[in-house]
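Below is one structure, written out as C-alpha coordinates, with a few remarks after it.
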Number of protein chains: 2
Amino acid sequence: MISRPPRPRDRGIPEATVARLPVYLRALQALQDRGTLTVSSEALATAAGVNSAKLRKDLSHLGSYGTRGVGYEVEYLVYQISRELGLTQDWSVAIVGIGNLGRALANYGGFGTRGFRIAALLDADSTMVGQSVAGLSVGHIDSLEEAVRDNGVSIGVIATPAGSAQHVANRFVEVGVASILNFAPVVLNVPEGVDVRKVDLSIELQILAFHAQRRADGDGRAPADRTGLELT
Amino acid sequence: MISRPPRPRDRGIPEATVARLPVYLRALQALQDRGTLTVSSEALATAAGVNSAKLRKDLSHLGSYGTRGVGYEVEYLVYQISRELGLTQDWSVAIVGIGNLGRALANYGGFGTRGFRIAALLDADSTMVGQSVAGLSVGHIDSLEEAVRDNGVSIGVIATPAGSAQHVANRFVEVGVASILNFAPVVLNVPEGVDVRKVDLSIELQILAFHAQRRADGDGRAPADRTGLELT
DNA sequence: CCCACTTTGTGCGTAGTTTCACAAGCGCGT
DNA sequence: ACGCGCTTGTGAAACTACGCACAAAGTGGG
(Lines give C-alpha, C1' and ligand atoms only; values in the text may rest on other atoms or scores of the structure.)
Protein backbone atom coordinates (compact mmCIF):
# COMPACT_ATOMS: atom_id res chain seq x y z
CA MET A 1 0.00 0.00 0.00
CA ILE A 2 2.89 2.29 -0.81
CA SER A 3 1.72 4.62 -3.48
CA ARG A 4 -1.60 4.92 -5.33
CA PRO A 5 -0.66 6.04 -8.82
CA PRO A 6 -3.77 5.88 -10.99
CA ARG A 7 -6.29 6.58 -8.25
CA PRO A 8 -8.43 9.61 -8.95
CA ARG A 9 -10.66 8.94 -5.94
CA ASP A 10 -8.44 10.99 -3.72
CA ARG A 11 -10.33 10.30 -0.55
CA GLY A 12 -10.29 14.04 -0.01
CA ILE A 13 -13.57 15.33 -1.33
CA PRO A 14 -14.20 18.84 0.00
CA GLU A 15 -17.07 19.16 2.40
CA ALA A 16 -18.72 21.81 0.26
CA THR A 17 -18.73 19.40 -2.64
CA VAL A 18 -20.19 16.56 -0.60
CA ALA A 19 -23.06 18.81 0.40
CA ARG A 20 -23.89 19.42 -3.25
CA LEU A 21 -23.61 15.89 -4.55
CA PRO A 22 -27.10 14.96 -3.34
CA VAL A 23 -28.49 17.92 -5.24
CA TYR A 24 -26.79 16.82 -8.43
CA LEU A 25 -28.01 13.31 -7.84
CA ARG A 26 -31.58 14.43 -7.57
CA ALA A 27 -31.34 16.53 -10.71
CA LEU A 28 -29.83 13.59 -12.55
CA GLN A 29 -32.56 11.25 -11.42
CA ALA A 30 -35.14 13.70 -12.68
CA LEU A 31 -33.39 13.71 -16.05
CA GLN A 32 -33.24 9.94 -16.01
CA ASP A 33 -36.97 9.71 -15.37
CA ARG A 34 -37.49 11.95 -18.34
CA GLY A 35 -35.42 9.61 -20.45
CA THR A 36 -32.46 11.90 -20.99
CA LEU A 37 -29.30 9.94 -21.74
CA THR A 38 -26.66 12.62 -21.71
CA VAL A 39 -26.30 16.01 -20.08
CA SER A 40 -23.79 18.84 -20.28
CA SER A 41 -22.34 20.48 -17.20
CA GLU A 42 -24.13 23.63 -18.22
CA ALA A 43 -27.55 21.99 -18.32
CA LEU A 44 -27.04 20.00 -15.15
CA ALA A 45 -25.71 23.03 -13.34
CA THR A 46 -28.81 24.98 -14.26
CA ALA A 47 -31.03 22.19 -13.02
CA ALA A 48 -29.12 22.02 -9.77
CA GLY A 49 -29.00 25.77 -9.28
CA VAL A 50 -25.23 26.20 -9.36
CA ASN A 51 -22.76 27.52 -11.89
CA SER A 52 -21.23 25.13 -14.34
CA ALA A 53 -17.60 25.61 -13.34
CA LYS A 54 -18.44 24.66 -9.80
CA LEU A 55 -20.30 21.61 -10.98
CA ARG A 56 -17.41 20.45 -13.10
CA LYS A 57 -14.92 20.96 -10.33
CA ASP A 58 -17.16 19.07 -7.93
CA LEU A 59 -17.48 16.15 -10.29
CA SER A 60 -13.78 16.18 -11.03
CA HIS A 61 -13.20 15.21 -7.40
CA LEU A 62 -14.92 11.90 -8.03
CA GLY A 63 -12.97 11.15 -11.16
CA SER A 64 -13.11 11.95 -14.82
CA TYR A 65 -16.55 10.78 -15.73
CA GLY A 66 -17.45 13.10 -18.57
CA THR A 67 -16.76 13.08 -22.28
CA ARG A 68 -15.41 16.27 -23.81
CA GLY A 69 -17.57 17.59 -26.54
CA VAL A 70 -20.50 15.53 -25.28
CA GLY A 71 -21.17 15.81 -21.59
CA TYR A 72 -21.97 13.24 -18.94
CA GLU A 73 -23.87 10.02 -19.39
CA VAL A 74 -26.75 10.38 -16.98
CA GLU A 75 -27.04 6.79 -15.83
CA TYR A 76 -23.34 6.35 -15.29
CA LEU A 77 -23.06 9.56 -13.31
CA VAL A 78 -26.03 8.59 -11.17
CA TYR A 79 -24.23 5.41 -10.32
CA GLN A 80 -20.93 7.08 -9.55
CA ILE A 81 -22.44 9.71 -7.28
CA SER A 82 -24.61 7.13 -5.56
CA ARG A 83 -21.61 5.02 -4.89
CA GLU A 84 -19.57 7.93 -3.61
CA LEU A 85 -22.36 8.88 -1.25
CA GLY A 86 -22.68 5.35 -0.03
CA LEU A 87 -26.14 4.83 -1.45
CA THR A 88 -25.32 1.54 -3.12
CA GLN A 89 -25.76 -0.02 0.27
CA ASP A 90 -28.82 0.29 2.46
CA TRP A 91 -28.86 2.35 5.61
CA SER A 92 -31.21 1.67 8.47
CA VAL A 93 -32.55 4.65 10.33
CA ALA A 94 -34.10 4.89 13.79
CA ILE A 95 -36.27 7.87 14.69
CA VAL A 96 -36.60 8.86 18.32
CA GLY A 97 -39.41 11.19 19.33
CA ILE A 98 -42.69 10.44 17.63
CA GLY A 99 -44.37 13.80 18.03
CA ASN A 100 -45.67 15.80 15.11
CA LEU A 101 -42.28 16.07 13.52
CA GLY A 102 -41.30 12.47 14.15
CA ARG A 103 -44.51 11.31 12.56
CA ALA A 104 -44.00 13.58 9.59
CA LEU A 105 -40.50 12.18 9.12
CA ALA A 106 -41.71 8.59 9.44
CA ASN A 107 -44.31 9.19 6.77
CA TYR A 108 -42.04 11.18 4.51
CA GLY A 109 -41.64 8.89 1.54
CA GLY A 110 -38.91 10.98 -0.01
CA PHE A 111 -36.48 9.54 2.48
CA GLY A 112 -36.27 6.21 0.87
CA THR A 113 -35.75 7.63 -2.60
CA ARG A 114 -33.04 5.09 -2.43
CA GLY A 115 -30.84 3.67 0.25
CA PHE A 116 -32.63 4.65 3.44
CA ARG A 117 -34.97 2.43 5.37
CA ILE A 118 -36.78 3.55 8.46
CA ALA A 119 -36.28 0.59 10.73
CA ALA A 120 -37.49 1.71 14.13
CA LEU A 121 -39.59 4.38 15.81
CA LEU A 122 -39.07 5.03 19.50
CA ASP A 123 -40.56 7.32 22.10
CA ALA A 124 -40.31 7.85 25.83
CA ASP A 125 -44.04 8.42 26.26
CA SER A 126 -45.59 5.08 27.17
CA THR A 127 -48.99 6.13 25.81
CA MET A 128 -47.28 6.40 22.43
CA VAL A 129 -45.64 2.99 22.61
CA GLY A 130 -47.45 0.35 20.66
CA GLN A 131 -49.18 2.80 18.34
CA SER A 132 -48.72 2.18 14.67
CA VAL A 133 -47.09 4.96 12.69
CA ALA A 134 -46.23 4.68 9.02
CA GLY A 135 -46.69 0.95 9.23
CA LEU A 136 -44.32 0.51 12.16
CA SER A 137 -45.10 -0.09 15.79
CA VAL A 138 -43.63 2.53 18.09
CA GLY A 139 -41.25 1.06 20.66
CA HIS A 140 -40.08 2.40 23.97
CA ILE A 141 -36.83 4.29 24.09
CA ASP A 142 -35.46 1.76 26.52
CA SER A 143 -35.50 -0.82 23.75
CA LEU A 144 -33.14 1.33 21.70
CA GLU A 145 -30.21 -1.01 21.97
CA GLU A 146 -32.27 -3.98 20.89
CA ALA A 147 -33.82 -2.07 18.01
CA VAL A 148 -30.44 -0.89 16.82
CA ARG A 149 -28.90 -4.32 16.99
CA ASP A 150 -31.76 -6.20 15.45
CA ASN A 151 -32.10 -3.84 12.51
CA GLY A 152 -28.49 -2.88 11.96
CA VAL A 153 -29.34 0.77 12.51
CA SER A 154 -26.44 3.07 11.77
CA ILE A 155 -28.19 6.44 11.53
CA GLY A 156 -30.18 7.98 14.34
CA VAL A 157 -32.71 10.77 13.99
CA ILE A 158 -33.59 12.88 17.02
CA ALA A 159 -36.99 14.52 16.86
CA THR A 160 -37.57 14.97 20.57
CA PRO A 161 -38.02 18.17 22.55
CA ALA A 162 -34.82 20.04 23.28
CA GLY A 163 -34.64 18.78 26.83
CA SER A 164 -34.33 15.13 25.89
CA ALA A 165 -32.09 15.44 22.87
CA GLN A 166 -28.73 15.17 24.62
CA HIS A 167 -29.90 12.17 26.54
CA VAL A 168 -31.05 10.42 23.39
CA ALA A 169 -27.81 11.31 21.67
CA ASN A 170 -25.88 9.68 24.50
CA ARG A 171 -27.94 6.55 24.15
CA PHE A 172 -27.32 6.45 20.43
CA VAL A 173 -23.60 6.82 20.94
CA GLU A 174 -23.55 4.11 23.60
CA VAL A 175 -25.12 1.59 21.28
CA GLY A 176 -22.73 2.43 18.48
CA VAL A 177 -24.75 4.76 16.26
CA ALA A 178 -22.17 7.22 14.98
CA SER A 179 -24.33 9.29 12.60
CA ILE A 180 -26.98 11.52 14.08
CA LEU A 181 -29.46 13.87 12.48
CA ASN A 182 -30.71 16.28 15.11
CA PHE A 183 -33.93 18.28 14.79
CA ALA A 184 -33.99 19.45 18.38
CA PRO A 185 -32.88 23.04 18.92
CA VAL A 186 -29.83 22.32 21.04
CA VAL A 187 -26.14 21.87 20.49
CA LEU A 188 -25.33 18.23 21.05
CA ASN A 189 -22.18 17.15 22.79
CA VAL A 190 -20.77 13.97 21.33
CA PRO A 191 -17.41 12.25 21.44
CA GLU A 192 -14.88 12.51 18.65
CA GLY A 193 -15.76 10.37 15.69
CA VAL A 194 -19.50 10.80 15.97
CA ASP A 195 -21.05 12.79 13.16
CA VAL A 196 -23.91 15.11 14.00
CA ARG A 197 -25.89 17.18 11.53
CA LYS A 198 -28.42 19.71 12.68
CA VAL A 199 -31.64 20.83 11.07
CA ASP A 200 -33.10 23.79 12.82
CA LEU A 201 -36.27 25.38 11.59
CA SER A 202 -36.18 28.50 13.67
CA ILE A 203 -32.57 29.20 12.77
CA GLU A 204 -33.52 29.17 9.11
CA LEU A 205 -36.33 31.61 9.78
CA GLN A 206 -34.00 33.89 11.67
CA ILE A 207 -31.55 33.93 8.80
CA LEU A 208 -34.38 34.81 6.45
CA ALA A 209 -35.46 37.57 8.79
CA PHE A 210 -31.96 39.00 8.81
CA HIS A 211 -31.87 39.29 5.05
CA ALA A 212 -35.43 40.55 4.88
CA GLN A 213 -34.52 43.31 7.28
CA ARG A 214 -31.50 44.18 5.19
CA ARG A 215 -33.67 44.49 2.15
CA ALA A 216 -36.17 46.67 3.98
CA ASP A 217 -33.48 48.96 5.39
CA GLY A 218 -32.20 49.75 1.94
CA ASP A 219 -35.67 50.30 0.50
CA GLY A 220 -37.83 53.27 1.20
CA ARG A 221 -40.31 51.28 3.27
CA ALA A 222 -38.60 50.81 6.61
CA PRO A 223 -40.37 48.46 8.98
CA ALA A 224 -41.64 49.87 12.26
CA ASP A 225 -38.50 49.40 14.34
CA ARG A 226 -35.81 52.01 13.94
CA THR A 227 -35.52 53.14 17.54
CA GLY A 228 -31.96 54.30 17.24
CA LEU A 229 -31.30 54.34 20.94
CA GLU A 230 -27.60 54.55 21.56
CA LEU A 231 -26.99 53.73 25.23
CA THR A 232 -23.26 54.05 25.12
CA MET B 1 -26.72 62.44 14.37
CA ILE B 2 -24.72 63.98 11.59
CA SER B 3 -22.35 61.47 10.14
CA ARG B 4 -21.68 58.06 11.51
CA PRO B 5 -18.01 58.04 12.41
CA PRO B 6 -18.14 55.57 15.27
CA ARG B 7 -20.46 53.11 13.58
CA PRO B 8 -19.09 49.64 13.76
CA ARG B 9 -22.23 48.17 12.18
CA ASP B 10 -20.51 47.83 8.88
CA ARG B 11 -23.47 46.44 7.01
CA GLY B 12 -21.14 43.72 5.83
CA ILE B 13 -21.68 40.83 8.21
CA PRO B 14 -20.27 37.63 6.71
CA GLU B 15 -22.83 35.02 5.81
CA ALA B 16 -21.11 32.42 7.96
CA THR B 17 -21.46 34.72 10.93
CA VAL B 18 -25.13 35.38 10.28
CA ALA B 19 -25.75 31.65 10.28
CA ARG B 20 -24.24 31.35 13.73
CA LEU B 21 -25.90 34.32 15.40
CA PRO B 22 -29.13 32.40 16.04
CA VAL B 23 -27.10 29.71 17.79
CA TYR B 24 -25.46 32.25 20.04
CA LEU B 25 -28.80 33.83 20.68
CA ARG B 26 -30.31 30.59 21.82
CA ALA B 27 -27.38 29.83 24.11
CA LEU B 28 -27.66 33.31 25.58
CA GLN B 29 -31.36 32.94 26.20
CA ALA B 30 -30.70 29.69 28.02
CA LEU B 31 -28.18 31.50 30.21
CA GLN B 32 -30.65 34.30 30.79
CA ASP B 33 -33.32 31.84 31.91
CA ARG B 34 -30.82 30.46 34.36
CA GLY B 35 -30.27 33.94 35.74
CA THR B 36 -26.72 34.41 34.47
CA LEU B 37 -25.83 38.08 34.08
CA THR B 38 -22.46 37.90 32.42
CA VAL B 39 -20.66 35.41 30.23
CA SER B 40 -17.15 35.10 28.81
CA SER B 41 -16.52 34.32 25.17
CA GLU B 42 -15.01 31.04 26.32
CA ALA B 43 -18.11 29.93 28.19
CA LEU B 44 -20.53 31.10 25.52
CA ALA B 45 -18.48 29.49 22.80
CA THR B 46 -18.60 26.17 24.61
CA ALA B 47 -22.35 26.44 24.99
CA ALA B 48 -22.71 27.22 21.31
CA GLY B 49 -20.31 24.55 20.16
CA VAL B 50 -17.74 26.80 18.50
CA ASN B 51 -14.30 27.99 19.40
CA SER B 52 -13.95 31.19 21.35
CA ALA B 53 -11.91 33.11 18.80
CA LYS B 54 -14.58 32.54 16.21
CA LEU B 55 -17.25 33.68 18.60
CA ARG B 56 -15.39 36.86 19.43
CA LYS B 57 -14.76 37.63 15.79
CA ASP B 58 -18.41 37.03 14.98
CA LEU B 59 -19.56 39.36 17.72
CA SER B 60 -17.02 41.96 16.73
CA HIS B 61 -18.89 42.33 13.45
CA LEU B 62 -21.88 43.66 15.34
CA GLY B 63 -19.87 46.11 17.37
CA SER B 64 -17.78 46.17 20.50
CA TYR B 65 -20.23 44.88 23.04
CA GLY B 66 -17.96 43.14 25.54
CA THR B 67 -15.93 44.35 28.49
CA ARG B 68 -12.34 43.23 28.68
CA GLY B 69 -11.53 41.35 31.81
CA VAL B 70 -15.24 40.66 32.37
CA GLY B 71 -17.06 39.29 29.36
CA TYR B 72 -20.43 40.09 27.82
CA GLU B 73 -23.54 41.21 29.61
CA VAL B 74 -26.06 38.55 28.70
CA GLU B 75 -29.16 40.70 28.45
CA TYR B 76 -27.48 43.40 26.42
CA LEU B 77 -26.01 40.91 24.01
CA VAL B 78 -29.37 39.19 23.59
CA TYR B 79 -30.82 42.53 22.62
CA GLN B 80 -28.05 43.39 20.19
CA ILE B 81 -28.16 40.06 18.39
CA SER B 82 -31.94 40.12 18.27
CA ARG B 83 -31.87 43.54 16.74
CA GLU B 84 -29.27 42.55 14.20
CA LEU B 85 -31.31 39.53 13.17
CA GLY B 86 -34.43 41.63 12.89
CA LEU B 87 -36.22 39.95 15.75
CA THR B 88 -37.22 43.15 17.46
CA GLN B 89 -40.03 43.33 14.98
CA ASP B 90 -42.61 40.65 14.34
CA TRP B 91 -42.62 38.54 11.22
CA SER B 92 -45.73 36.92 9.87
CA VAL B 93 -45.34 33.52 8.28
CA ALA B 94 -47.62 31.65 5.89
CA ILE B 95 -47.29 27.90 5.52
CA VAL B 96 -48.43 26.27 2.29
CA GLY B 97 -48.96 22.53 2.22
CA ILE B 98 -50.67 21.18 5.30
CA GLY B 99 -49.58 17.57 5.08
CA ASN B 100 -47.71 15.80 7.81
CA LEU B 101 -44.81 18.19 7.66
CA GLY B 102 -46.91 21.33 7.36
CA ARG B 103 -48.93 20.30 10.38
CA ALA B 104 -45.78 19.58 12.33
CA LEU B 105 -44.45 23.02 11.47
CA ALA B 106 -47.70 24.71 12.37
CA ASN B 107 -47.68 23.03 15.76
CA TYR B 108 -44.00 23.58 16.39
CA GLY B 109 -44.00 26.04 19.25
CA GLY B 110 -40.29 26.68 19.01
CA PHE B 111 -40.90 28.86 15.99
CA GLY B 112 -42.34 31.67 17.93
CA THR B 113 -39.53 31.65 20.48
CA ARG B 114 -39.74 35.26 19.62
CA GLY B 115 -40.52 37.27 16.57
CA PHE B 116 -42.33 34.79 14.36
CA ARG B 117 -46.07 34.44 14.10
CA ILE B 118 -47.77 31.82 11.99
CA ALA B 119 -50.45 33.85 10.32
CA ALA B 120 -51.93 31.58 7.66
CA LEU B 121 -52.11 27.95 6.64
CA LEU B 122 -52.98 27.13 3.05
CA ASP B 123 -53.46 24.00 1.00
CA ALA B 124 -54.60 23.08 -2.47
CA ASP B 125 -56.61 20.07 -1.33
CA SER B 126 -60.17 21.23 -0.80
CA THR B 127 -60.88 18.46 1.70
CA MET B 128 -58.22 20.07 3.86
CA VAL B 129 -59.63 23.57 3.58
CA GLY B 130 -61.63 24.62 6.60
CA GLN B 131 -59.98 22.15 8.94
CA SER B 132 -58.50 23.60 12.07
CA VAL B 133 -54.79 23.06 12.58
CA ALA B 134 -52.85 24.53 15.48
CA GLY B 135 -55.74 26.87 16.17
CA LEU B 136 -55.90 28.22 12.64
CA SER B 137 -58.38 27.44 9.91
CA VAL B 138 -56.76 26.12 6.76
CA GLY B 139 -57.46 28.28 3.73
CA HIS B 140 -57.31 27.49 0.05
CA ILE B 141 -54.16 28.28 -1.82
CA ASP B 142 -56.15 30.58 -4.11
CA SER B 143 -56.68 32.90 -1.19
CA LEU B 144 -52.94 33.35 -0.82
CA GLU B 145 -52.90 36.95 -1.93
CA GLU B 146 -55.64 37.88 0.48
CA ALA B 147 -53.98 36.01 3.34
CA VAL B 148 -50.66 37.67 2.68
CA ARG B 149 -52.14 41.13 2.47
CA ASP B 150 -54.45 40.83 5.45
CA ASN B 151 -51.76 39.48 7.72
CA GLY B 152 -48.73 41.32 6.45
CA VAL B 153 -47.02 38.05 5.66
CA SER B 154 -43.41 38.49 4.62
CA ILE B 155 -42.07 34.97 4.98
CA GLY B 156 -43.46 31.99 3.10
CA VAL B 157 -42.92 28.36 4.02
CA ILE B 158 -43.35 25.69 1.36
CA ALA B 159 -44.18 22.24 2.70
CA THR B 160 -45.87 20.85 -0.39
CA PRO B 161 -44.84 17.88 -2.52
CA ALA B 162 -42.00 18.57 -4.90
CA GLY B 163 -44.30 18.92 -7.88
CA SER B 164 -46.18 21.91 -6.51
CA ALA B 165 -43.32 23.77 -4.92
CA GLN B 166 -42.27 25.88 -7.88
CA HIS B 167 -45.85 26.89 -8.50
CA VAL B 168 -46.32 27.95 -4.90
CA ALA B 169 -43.02 29.83 -4.99
CA ASN B 170 -44.22 31.74 -8.02
CA ARG B 171 -47.41 32.67 -6.23
CA PHE B 172 -45.46 33.86 -3.22
CA VAL B 173 -43.24 36.01 -5.38
CA GLU B 174 -46.20 37.47 -7.22
CA VAL B 175 -47.82 38.66 -4.04
CA GLY B 176 -44.60 40.20 -2.78
CA VAL B 177 -43.25 37.59 -0.39
CA ALA B 178 -39.49 37.79 -0.85
CA SER B 179 -38.33 35.33 1.80
CA ILE B 180 -39.06 31.66 1.28
CA LEU B 181 -38.23 28.62 3.34
CA ASN B 182 -38.52 25.55 1.15
CA PHE B 183 -38.94 22.03 2.48
CA ALA B 184 -39.75 20.47 -0.87
CA PRO B 185 -36.93 18.54 -2.49
CA VAL B 186 -36.53 20.72 -5.56
CA VAL B 187 -34.40 23.64 -6.62
CA LEU B 188 -36.62 26.68 -6.80
CA ASN B 189 -36.25 29.24 -9.50
CA VAL B 190 -36.90 32.75 -8.27
CA PRO B 191 -36.12 36.22 -9.53
CA GLU B 192 -33.21 38.24 -8.24
CA GLY B 193 -33.88 39.74 -4.86
CA VAL B 194 -35.94 36.86 -3.55
CA ASP B 195 -34.28 34.93 -0.78
CA VAL B 196 -34.78 31.18 -0.66
CA ARG B 197 -33.48 28.85 1.99
CA LYS B 198 -33.79 25.12 1.64
CA VAL B 199 -34.22 22.46 4.27
CA ASP B 200 -33.87 19.01 2.81
CA LEU B 201 -34.12 15.97 5.00
CA SER B 202 -32.90 13.42 2.54
CA ILE B 203 -29.88 15.50 1.61
CA GLU B 204 -28.85 15.57 5.24
CA LEU B 205 -29.17 11.82 5.43
CA GLN B 206 -27.09 11.40 2.33
CA ILE B 207 -24.32 13.54 3.76
CA LEU B 208 -24.38 11.44 6.91
CA ALA B 209 -24.21 8.30 4.80
CA PHE B 210 -21.18 9.62 2.98
CA HIS B 211 -19.27 10.18 6.19
CA ALA B 212 -20.46 6.91 7.67
CA GLN B 213 -19.13 5.10 4.65
CA ARG B 214 -15.81 6.90 4.98
CA ARG B 215 -15.56 5.78 8.54
CA ALA B 216 -16.38 2.19 7.62
CA ASP B 217 -13.87 2.14 4.76
CA GLY B 218 -11.04 3.06 7.06
CA ASP B 219 -12.09 0.57 9.72
CA GLY B 220 -11.67 -3.15 9.46
CA ARG B 221 -15.38 -3.77 8.99
CA ALA B 222 -16.03 -2.85 5.41
CA PRO B 223 -19.68 -2.83 4.37
CA ALA B 224 -20.73 -5.18 1.58
CA ASP B 225 -20.02 -2.97 -1.43
CA ARG B 226 -16.45 -2.76 -2.66
CA THR B 227 -16.90 -4.01 -6.19
CA GLY B 228 -13.84 -2.25 -7.48
CA LEU B 229 -14.90 -2.44 -11.10
CA GLU B 230 -12.79 -0.11 -13.17
CA LEU B 231 -14.40 0.14 -16.60
CA THR B 232 -11.98 2.65 -17.98
C1' DC C 1 -1.43 54.01 42.88
C1' DC C 2 0.42 50.06 40.99
C1' DC C 3 0.58 45.36 39.74
C1' DA C 4 -1.11 40.84 38.64
C1' DC C 5 -4.74 38.76 36.38
C1' DT C 6 -8.54 38.23 33.17
C1' DT C 7 -10.78 38.66 28.86
C1' DT C 8 -11.80 41.15 24.70
C1' DG C 9 -10.86 42.59 19.92
C1' DT C 10 -8.00 41.83 15.99
C1' DG C 11 -3.75 41.33 12.82
C1' DC C 12 -2.07 37.79 10.35
C1' DG C 13 -0.92 33.32 8.40
C1' DT C 14 -3.40 29.26 6.65
C1' DA C 15 -6.96 26.62 4.68
C1' DG C 16 -10.93 26.13 2.00
C1' DT C 17 -14.13 27.65 -1.74
C1' DT C 18 -15.55 29.90 -5.84
C1' DT C 19 -14.90 31.64 -10.34
C1' DC C 20 -12.46 32.56 -14.53
C1' DA C 21 -10.48 31.29 -18.56
C1' DC C 22 -8.35 28.19 -21.51
C1' DA C 23 -5.83 24.04 -23.19
C1' DA C 24 -6.89 19.37 -24.17
C1' DG C 25 -10.03 15.97 -25.92
C1' DC C 26 -13.83 14.15 -28.48
C1' DG C 27 -17.42 13.69 -32.24
C1' DC C 28 -19.09 14.75 -36.58
C1' DG C 29 -19.34 16.32 -41.21
C1' DT C 30 -16.85 16.59 -45.26
C1' DA D 1 -8.08 12.00 -42.57
C1' DC D 2 -8.77 16.48 -41.23
C1' DG D 3 -10.52 20.39 -39.21
C1' DC D 4 -14.38 22.68 -36.78
C1' DG D 5 -17.16 23.26 -32.94
C1' DC D 6 -18.46 21.83 -28.56
C1' DT D 7 -17.56 20.55 -23.75
C1' DT D 8 -14.73 18.85 -20.15
C1' DG D 9 -11.09 19.18 -16.66
C1' DT D 10 -8.07 22.20 -14.27
C1' DG D 11 -4.37 25.72 -13.21
C1' DA D 12 -4.44 30.01 -11.12
C1' DA D 13 -6.49 34.13 -9.16
C1' DA D 14 -9.80 36.06 -6.04
C1' DC D 15 -12.46 35.71 -2.20
C1' DT D 16 -14.07 33.90 2.17
C1' DA D 17 -13.54 31.70 6.49
C1' DC D 18 -10.81 29.93 10.37
C1' DG D 19 -7.93 29.99 14.40
C1' DC D 20 -3.66 31.40 16.69
C1' DA D 21 -1.62 34.44 19.49
C1' DC D 22 -1.07 38.79 21.46
C1' DA D 23 -1.60 43.77 22.51
C1' DA D 24 -5.06 46.60 24.57
C1' DA D 25 -8.18 47.35 28.16
C1' DG D 26 -10.51 46.47 32.07
C1' DT D 27 -10.91 44.49 37.30
C1' DG D 28 -9.56 43.88 41.92
C1' DG D 29 -6.23 43.36 45.69
C1' DG D 30 -2.63 45.28 48.35
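No experiment lies behind these values; they were computed from the predicted model shown. Chain letters run A, B, ... following the sequence lines, proteins first, then strands; residues in each count from 1.
Atom P of nucleotide dT8(D) and atom CG of D58(A) are separated by 14 Å, given to the nearest angstrom. Atom-to-atom, NE2 of H61(A) to C1' of dT10(D) comes out at 10 Å; the value is rounded to the nearest Å. Distance, L62(A) CG to dT8(D) P: 15 Å, rounded to whole Å.
For the pairing with L44(A), the side-chain contact (heavy atoms from CB on, under 4.5 Å) check across L28(A), T36(A), V74(A) returns one residue only, L28(A).
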Distances under 3.5 Å only, N/O to N/O: pair up the protein atoms with those of nucleotides 25-30 of chain D.
from: dA25(D); atom 1: O4'; to: R68(B); atom 2: NE; distance (Å): 3.4

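Applying the salt bridge (Lys or Arg N to Asp or Glu O under 4.0 Å) test to every pair with at least one member in residues 170-199 of chain A, sequence neighbours left out, gives these pairs: D142(A)-R171(A), R197(A)-E204(B). Sorted by first then second residue, the salt bridge (Lys or Arg N to Asp or Glu O under 4.0 Å) pairs that include residues 41-61 of chain A, not counting sequence neighbours, are R20(A)-D58(A). Every pair passing side chain to side chain donor-acceptor pair (under 3.5 Å) that includes a residue from residues 176-187 of chain A is listed here, sequence neighbours excluded: S179(A)-R215(B). Among residues at least two apart or in separate chains, side chain to side chain donor-acceptor pair (under 3.5 Å) pairs with a member in residues 155-168 of chain A are Q166(A)-N170(A).
Counting only heavy atoms from C-beta outward, the side chains of L77(B) and L59(B) approach each other to under 4.5 Å. Two residues are said to be in side-chain contact when any heavy atoms from C-beta on lie closer than 4.5 Å; V148(A) and V177(A) meet this criterion. Contact of the L105(B) side chain with the F183(B) side chain is registered, since non-hydrogen atoms from C-beta on lie closer than 4.5 Å. Using a 4.5 Å cut-off on side-chain heavy atoms (C-beta onward), E84(A) and H61(A) make no contact.
Note that the CG atom of L25(B) and the CG atom of L87(B) stand 6.5 Å from one another [nearest 0.5 Å].
The side-chain hydrogen bond (donor to acceptor under 3.5 Å, both in side chains) check on N100(A) picks up nothing, with sequence neighbours excluded. The salt bridge (Lys or Arg N to Asp or Glu O under 4.0 Å) search around D200(B) returns R26(A), not counting sequence neighbours. Under the rule for a side chain to side chain contact (heavy atoms under 4.5 Å, CB included), the partners of A162(B) that lie at least two apart in sequence or sit in another chain are P185(B), V186(B).
When the side-chain nitrogen and oxygen atoms of Y72(A) are compared with OP1 and OP2 of dG9(D), one or more of them lie within a distance under 4.0 Å. Using a 4.0 Å cut-off, no side-chain N or O of S41(A) falls inside it from OP1 or OP2 of dT7(D).
For the helix from dC1(C)-dG30(D) to dT30(C)-dA1(D), the terminal axes (five pairs an end, C1' atoms, rotation from four pairs onto the next four) enclose an angle of 0°, given to 10 degrees.
Boundaries of the chain B contact region on DNA chain C are dT6(C) to dC12(C), first to last in 5' to 3' order (nucleotide atom under 4.0 Å from a heavy atom).
For an aromatic pair to be called close, the ring centres must be under 6.0 Å apart, and Y76(B) with Y65(B) satisfies this.
The residue among E15(A) and L59(B) whose nearest nucleotide of DNA chain C is located toward the 5' end is L59(B).
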- prompt: Given the rule in the side-chain hydrogen bond (donor to acceptor under 3.5 Å, both in side chains) test, do R83(B) and T88(B) qualify, once you have shown the distances and angles that lead to the verdict?
  reply: CA-CA 5 Å; R83(B) 188 169 55 90; T88(B) 49; over 6 Å; no
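A heavy-atom distance below 4.0 Å to DNA chain C is reached by these residues of residues 42-57 of chain B, ordered by number: R56(B), K57(B). The stretch residues 31-39 of chain A does not touch DNA chain D, since none of its heavy atoms comes less than 4.0 Å from the strand.
S40(B) contributes a side-chain N or O that, together with a main-chain N or O of A43(B), makes up a donor-acceptor pair within less than 3.5 Å.
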